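Quick notes on the structure that follows.
Predicted, not measured: the structure shown is a model, and the values here were computed from it. We name chains A, B, ... by the order of the sequence lines, and we start the count at 1 in each one.
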Protein chains: 2
Amino acid sequence: MKSKLDEEFERLCREKGLRLTGPRRIILDVLAKASDHPDAIEVHRRASLIDPSIAIATVYRTVRLLEDSGILESHAFGDGRARYETADREHHDHLINIETGDVIEFRSDEIERLQEGIARAHGFEIVSHRLEIFVKPLKGGKRKKTSRDRR
Amino acid sequence: MKSKLDEEFERLCREKGLRLTGPRRIILDVLAKASDHPDAIEVHRRASLIDPSIAIATVYRTVRLLEDSGILESHAFGDGRARYETADREHHDHLINIETGDVIEFRSDEIERLQEGIARAHGFEIVSHRLEIFVKPLKGGKRKKTSRDRR
DNA sequence: CAACTTATTGCAATTAAGTCTCAAAAGCAG
DNA sequence: CTGCTTTTGAGACTTAATTGCAATAAGTTG
């Protein structure tokens with residue numbers, strides 16, 4: 001099946017004279033299917049399962065291309081590497097469980113609204129923002145299911 | 001004058017059997033006096049003005065030490081480097097002017113409170129968090145004075 | 001579909017931030 | 001001051017990411 005991302009990527013290629021190559025298709029596919037937040041090495045590992053000849057340099061070049069076109073978002077969650085997720089869903093922020101490395105997505109319109117107000121009060125408009133909350137489990141606390149992330 | 005930071009650092013040294021060395025004093029001093037958010041290279045440059053023999057490795061070792069003891073906070077504002085500020089004032093978040101690199105500090109108790117609620121709803125407690133809003137000036141907008149930051 | 005133009009790739013070399021090793025230097029307790 | 005131990009400077013090393021380049025492959029043209 002051709003995803004919304006594929007279409008957007010095709011449109012982008014046509015628009016900018018870029019080529020829709022095998023490696024690019026595979027890397028985009030890996031990212032579209034990822035429900036976690038893989039780093040470049042992990043993306044390369046997964047892409048290599050489909051075509052073992054893909055070079056890590058191509059992964060880096062492709063994620064940069066996708067990021068620059070707004071198809072991908074990159075995050076720096078503390079460890080040195082950048083981690084990626086497709087930007088096809090609505091904006092959200094992250095809770096990071098520091099004991100497991102799991103990342104949980106959340107969204108708060110109230111917080112977004114407050115941010116708008118703060119920026120405006122300083123004479124700015126928001127271009128982007130990031131909110132990351134590093135957490136640990138409450139002792140006897142209730143737990144909601146988490147979307148597991150690779151470390 | 002001996003700052004609150006100096007005292008805390010002395011206490012820390014005594015406590016952990018660390019030595020209060022020349023380089024450490026100078027680096028702490030540089031950081032205590034910085035009203036911006038310098039990176040390691042900039043801290044090294046400033047420390048070198050006082051003692052040109054200080055090595056960049058010592059800067060990295062010292063900021064790590066200070067960060068681990070909670071005297072310093074490190075931030076990753078998008079460019080690859082870590083940038084530092086002393087943790088002696090109350091917690092705040094950052095507006096980053098993407099056109100100039102200026103960093104403006106702000107604080108919103110309302111946002112903090114909402115974050116608490118979100119974490120708890122997921123069964124977690126907050127260990128730390130970071131909120132960075134990347135902004136650009138409003139067109140005809142009013143402007144507040146900014147604390148200028150080195151790029 | 002063969003020829004051609006030019007973007008893209010794989011590979012290896014390179015960069016950049018940060019860390020580590022180690023001999024020499026410097027704190028600090030007695 | 002002495003001696004023990006931590007810390008330092010210098011440079012080698014690590015790791016994520018980028019780049020140069022010759023070979024390859026998209027996409028276009030005829």
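Contact check on A:E42 versus A:R45 returns a salt bridge, with a Lys/Arg side-chain nitrogen under 4.0 Å from an Asp/Glu carboxylate oxygen. Between A:D51 and A:R24 there is no salt bridge, since no side-chain N of the basic residue sits under 4.0 Å from a carboxylate O of the acidic one. Comment: A:R11 engages A:E15 in a salt bridge, judged by a side-chain N to carboxylate O separation of less than 4.0 angstrom.
Per the geometry, CG belonging to A:L12 stands 14 Å off C1' belonging to C:dA7, to the nearest Å. The nearest whole Å value for the distance from the CD1 atom in A:I26 to the C1' atom in C:dT8 is 14 Å. When the P atom of D:dA16 is taken as reference, atom CD of A:E67 falls 18 Å away, rounded to whole Å. Distance CZ (A:R81) to P (D:dT15): 11 Å, rounded to an integer number of Å. We find that NE2 of B:H44 is positioned 12 Å from P of D:dG11, with the value rounded to whole Å. The separation between B:R19 atom CZ and D:dT6 atom C1' is 4 Å, rounded to whole Å. Following rounding to the nearest Å, A:L28 (CG) and C:dT8 (P) show an atom-to-atom distance of 15 Å. Across the protein-nucleic acid pair, B:L18 atom CG and D:dT7 atom P stand 5 Å apart, rounded to whole Å.
Put simply, B:T58 has a side-chain N or O that comes within less than 4.0 Å of OP1 or OP2 on D:dG9.
Of the two residues near DNA chain C, B:R25 and B:G80, the one whose nearest nucleotide lies more 5' is B:G80. With DNA chain D read from its 5' end, the first of the two nearest nucleotides for B:S53 and B:G17 is the one closest to B:G17.
A donor-acceptor contact under 3.5 angstrom links the side-chain atoms of A:R61 to the base of D:dG20. A donor N or O paired with an acceptor N or O is not found under 3.5 Å between the base of D:dT18 and the side-chain atoms of A:R64.
Across all strands shown, B:R24 has heavy atoms under 4.0 Å from sugar-phosphate atoms exclusively, and none from any base. Residue-level contact check: A:I56 touches neither bases nor backbone, having no heavy atom under 4.0 Å from any strand.
The shortest non-hydrogen separation linking A:H37 to A:R83 is O-NE, 2.8 Å.
Nearest to the side chain of B:Y60, among C:dT9, C:dT8, C:dA17, sits C:dA17.
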Worksheet item: Taking it one step at a time, do A:I71 and A:L28 satisfy side chain to side chain contact (heavy atoms under 4.5 Å, CB included)?
Response: CA-CA 9 Å; A:I71 292 177; A:L28 185 68; 4.1 Å; yes

